[in-house]
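The structure appears below as structure tokens.
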Amino acid sequence: MFASDRSRHAIMHRSEEWMMFEQELNNVTLKIRQSLKRLDVPIPDQIEWVPTPFEGQWGFGTNACFQAAAVEARAGKRVNVPARAQEIAETVLNDLSPIAGFIRTVAERGYLNLYIKPAEYAQRVIDIVLEQGNVFGHGDPKNQRVMVEYSQPNTHKAFHVGHLRNVILGGAMSNILEFEGYDTVRANYIGDIGWHVIQWLWCYLRFHAGEEPEGDRTRWMQDIYSEASQLVEDNQEFEAEAREVFARWEHDDTELIDLWKKTRQCSLEGFNEIYDTLGEHFDVFFYESEVEKPGKVLVEELIKQELAVDERPTGGPVVVKLDELLGLEKETYRVLVILRSDGTSLYATKDLPLAIKKFNEWQIDKSIYVIDVRQSLYLKQIFKLLEIMGFKQGKDCYHLSYEIVNLPGNVTISSREGTIVMFDDLIQEAFRRAHEIVEEKNPTLSENQKKEIAQIVALGALKYPMLSVDNNKVATFDWERALDFEGQAAPYIQYAHVRANSILNKAGTIPDPAPPNHELEVQEISLLDHLSRFPDEVTRSANNYKPLTIANYAYDLARTFSEFYQHCPVLKAEKDVRFFRLRLTAAAKQTLANSLRLLGIKAPEVM
RNA sequence: GCCCCCGUAGCUCAAUGGAUAGAGCGCCUGACUUCGAAUCAGUAGGUUGGGGGUUCGAGUCCCUCCGGGGGCGCCA
């Protein structure tokens, strides 16, 4: 991505903020070391700088003096660490003062704080944002390829709000990793075979032969699936019939396979429409049907290597006794079943060869699985088994888990039981409400514009809550809350972007770079400070596999900008102030757009 | 029996081991002839489930208890 920007990578550090102050801070760090040595105070291994937490002041602080005092205390000196830290900080400052590049240096509560002169750096922050434009915040190329597997829908079933959390999360994670400098491969893994498909095919042949879907294909597929699983569950004769269909399948019955191909395609097309709507795309589709046979071969190899135990002669399945193989006393990895007693495949049968295929055919360095938390143990088993098999990259597999989405009343979403909220219903209702609001707020827009905006706002509103809550918290789907466009929500962030755009449009052009020559307001400093932190937030988000970090950041930035434009007139300010604030507004708009883009949310120009 | 996750304001949630635990919603009070009020400003609201421990410093790490959810040889 961003091939045109490659040339910059050599000179731009991953963190523009640190880079801007790198020289000054390194300089100070060195001097502090020298000073501590002169004063005969222990020198901490690491002297790290963090932004000071005081609103409207722009600076960096270090806790190095705490570290030093703590070392003294551990060495047996009877000292009160906080008091001693403060003492050391003051002494060091006396020893060094004044320090070049900083407007104020203060010892506060044991911290050694350095405040920079805002005007001096304001221009640099803005210039960097505007120069880099839509790549502002990106990380250096890591020369590593990472694959993110997500979505993984089953054909012949519904696509519901439970699936949404997965797609949104996986998509945002991919965007963030890519932006941070990883060569990112978006992978989907389709469940196109298995007992659920067989039941569907049976039900179709038995009760719906010749039928074609009208309207929403995915809903049609779901309806038949729901009917099938009910019938099979309640009626043993029906189950026996379905088992016969399974047998036909195992014998490669041509007629059945033709029906499978056709209906599978129907599902896939339905999914693709949903991905289009969501703005998601995949670089590769894997299918369970393509790894089933390799999986069965692999199972035989594992039996030969005596890693797997074939219990089929005694009516059992093929299992891998992981704890036993590892010599673990305590139950840890337990036992993994890798093939049914009747020789048919399981998830594990297919996941093993797929994991290997990913590394070997795609030359990836890291393999991420976006899958719900209930499969934690299962994935732990798969990854460990890969290692035991001698496939070392098992340790480069990572389970990005997330909690499930329930319906109100703690009702589990189940396509088998039909307790689902279909994606299509959700997006249509969100669109309807968004359209109503656009109509009310901006009646003069053309109908096409209204529709486009409603779509952007509706999608943002649905996506944002999936990203702004920690992965391991259970989400409850609630119509009212899912469609709440107020407060901490995507439309708020989009609105800030729109307002910035509106100001810039009225101004016409963005002025040339210039330092501010007025006393900066608290809101301006706060906004500049937030802008400068974006690159670090991207890095942190990528390193921790947490899109939540960017979701929080985007909202914080929007709030900071809203406070800014409310308090600081831009167009009405006198010329120099206007010029500076216009550039600041442009930088804010750009950074809002960049952070929203990472979340997979569009930033409209008007709304 | 073993394992994992959650518990923070009335509700929904934030918070690199750091400075005074922050938002939104809801409640109450203000600001549109003003760059667009999908906005902003302000009030009130907390023993971070309880108890120990580690640390100079714990919502965050460790132990334990309580409450809730989930997983554990042929479901996916």
Side-chain angles (χ1 to χ4, degrees), chain A residues 48 50 52-54 61 63 65-74 79-85 108-111 113 152 154 191 194-196 288 309 311-312 316-321 330-332 334-342 344 346-348 371-378 380-381 401 403-404 406 410 416 437-438 440-442 457 465 468-474 476 478 481 484-489 491-492 494-496 498-500 502-507 536 540 543-544 548-549 551-552 555-556 559 562-563 565-573 581 585 606-607:
Chain A
E48 289 175 349
V50 295
T52 52
F54 310 116
N63 60 11
C65 303
F66 277 102
Q67 315 281 2
V71 172
E72 287 185 345
R74 274 197 290 275
V79 294
N80 176 319
V81 171
R84 176 63 180 145
E108 291 168 292
R109 297 168 186 241
Y111 282 81
N113 291 334
Q152 309 113 329
N154 285 331
W195 181 224
H196 78 275
E288 286 187 29
V309 183
E311 296 178 345
R312 281 177 294 184
V318 180
V319 300
V320 179
K321 298 180 177 175
K330 199 169 166 184
E331 292 179 46
T332 307
R334 299 166 187 275
V335 175
L336 178 65
V337 179
I338 57 173
L339 196 70
R340 285 200 187 92
S341 54
D342 64 3
T344 57
L346 292 158
Y347 241 35
I371 301 181
D372 82 63
V373 68
R374 293 172 299 189
Q375 295 189 40
S376 290
L377 173 62
Y378 167 72
K380 215 169 90 172
Q381 293 174 321
S401 77
E403 263 291 357
I404 55 169
N406 281 336
N410 222 19
R416 231 163 47 88
I437 296 172
V438 180
E440 174 200 328
K441 306 278 184 190
N442 234 330
V457 170
S468 64
V469 177
D470 197 86
N471 292 347
N472 42 26
K473 271 179 182 153
V474 178
T476 301
D478 179 82
R481 276 196 289 125
D484 189 359
F485 295 174
E486 311 252 301
Q488 182 168 0
Y492 176 91
Q494 292 169 323
Y495 182 70
V498 163
R499 291 299 301 272
S502 176
I503 293 170
L504 295 170
N505 275 345
K506 286 215 160 79
D536 278 332
R540 206 150 65 86
N543 288 349
N544 300 330
L548 168 65
T549 303
N552 283 340
Y555 174 72
D556 274 345
R559 197 156 43 82
S562 297
E563 288 167 16
Y565 81 69
Q566 201 75 218
H567 288 99
C568 307
V570 178
L571 298 174
K572 286 173 184 161
R581 287 181 179 166
T585 300
V606 288
M607 67 186 273

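Scope of the values below: all heavy atoms of this structure, side chains included, with no hydrogens, waters or symmetry mates. Residue numbers start from 1 in every chain, and the chains themselves are labelled A, B, ... in the order their sequence lines are given, proteins ahead of strands.
In this structure, a donor-acceptor pair under 3.5 Å is present between the side chains of A:Asp342 and A:Thr344.
A:Arg499 and A:Tyr565 make their closest contact through NH1-OH, 3.2 Å (heavy atoms, listed as atom of the first residue, atom of the second, distance). Smallest separation of non-hydrogen atoms from A:Arg334 and A:Leu377: CD-CD2, 3.8 Å. The two residues A:Ala85 and A:Cys65 have their closest heavy-atom pair at O-CB, 3.4 Å.
The same atom, C1', is picked in B:G22 and in B:U29; the two are 22 Å apart, to the nearest Å. Nucleotides B:U16 and B:G59 are separated by 13 Å at their P atoms, to the nearest Å. B:A44 and B:C25: their C1' atoms are spaced 15 Å apart (whole Å). The gap from the P atom of B:C4 to that of B:C61 amounts to 13 Å, rounded to the nearest Å. Comparing the same atom, C1', in B:G17 and in B:A58 gives a spacing of 7 Å after rounding to whole Å. As rounded to the nearest Å, B:G73 and B:C13 have P atoms that lie 31 Å from one another. Only the C1' atoms considered, B:A21 is 14 Å distant from B:G45, to the nearest whole Å. Comparing B:C5 with B:U47, their P atoms are spaced 27 Å from each other, to the whole Å.
The residues A:Arg481 and A:Asp484 are annotated as not salt-bridged, no charged nitrogen and carboxylate oxygen being separated by less than 4.0 angstrom.
No contact: A:Glu440 has no heavy atom under 4.0 Å from any strand. No contact: A:Asp478 has no heavy atom under 4.0 Å from any strand. Using a 4.0 Å heavy-atom cutoff across all strands shown, A:Val79 reaches no nucleic acid atom at all. As judged by a 4.0 angstrom heavy-atom cut-off over every strand, A:Asn543 is placed among residues making no nucleic acid contact. Residue-level contact check: A:Pro569 touches the bases, meaning some heavy atom is under 4.0 Å from a base atom. Base contact: A:Asn63 has a heavy atom under 4.0 Å from a base atom. Across all strands shown, A:Val438 has heavy atoms under 4.0 Å from base atoms, whether or not it also approaches the sugar-phosphate.
Here CZ of A:Phe54 is found 5.0 Å from CD of A:Glu108. Values are rounded to the nearest 0.5 Å.
Secondary-structure stems of RNA chain B, taken as three or more successive Watson-Crick or G-U wobble pairs (i with j, i+1 with j-1) under a 3.5 Å distance threshold, comprise B:1-7 with B:66-72, B:10-13 with B:22-25, B:28-31 with B:39-42, B:49-53 with B:61-65.
Rounded to an integer number of Å, the gap from A:Glu486 CD to B:A23 P is 19 Å. A straight line from CD of A:Gln488 to C1' of B:A15 spans 12 Å, rounded to a whole angstrom. At whole-Å resolution of the value, CZ in A:Arg74 and C1' in B:U54 are 12 Å apart. At whole-Å resolution of the value, CG in A:Asp484 and C1' in B:U12 are 10 Å apart. In this entry the distance linking CZ of A:Phe485 with P of B:C25 reads 15 Å, nearest Å. Separating the CZ atom of A:Arg481 from the P atom of B:U12 is a distance of 7 Å, rounded to the nearest angstrom. At whole-Å resolution of the value, CZ in A:Arg559 and C1' in B:G24 are 9 Å apart. Rounded to whole angstrom, the span from the CG atom of A:Asn471 across to the C1' atom of B:C5 amounts to 12 Å.
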Along nucleotides 41-46 of chain B, 5' to 3', which nucleotides get a B, which get an S, and which get a -, given that the test is a protein heavy-atom distance under 4.0 Å?
S-----
Could you encode protein contacts along nucleotides 66-76 of chain B as a string, one character per nucleotide from 5' to 3', using B for base contact, S for sugar-phosphate-only contact and - for no contact, with a heavy-atom cut-off of under 4.0 Å?
---SSBBBBSB
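At least one side-chain nitrogen or oxygen of A:Ser502 sits closer than 4.0 Å to the OP1 or OP2 atom of B:G36.
No side-chain donor-acceptor contact under 3.5 Å links A:Arg312 to the backbone of A:Val318. Looking at A:Asn63, its side chain never comes within 3.5 Å of a backbone N or O of A:Phe66 through a donor-acceptor pair.
Here B:C32 is in the syn range [glycosidic angle within 90° of 0].
Mapped onto RNA chain B by nearest heavy atom, A:Cys568 and A:Ser376 fall at different nucleotides, with A:Ser376 at the one closer to the 5' end.
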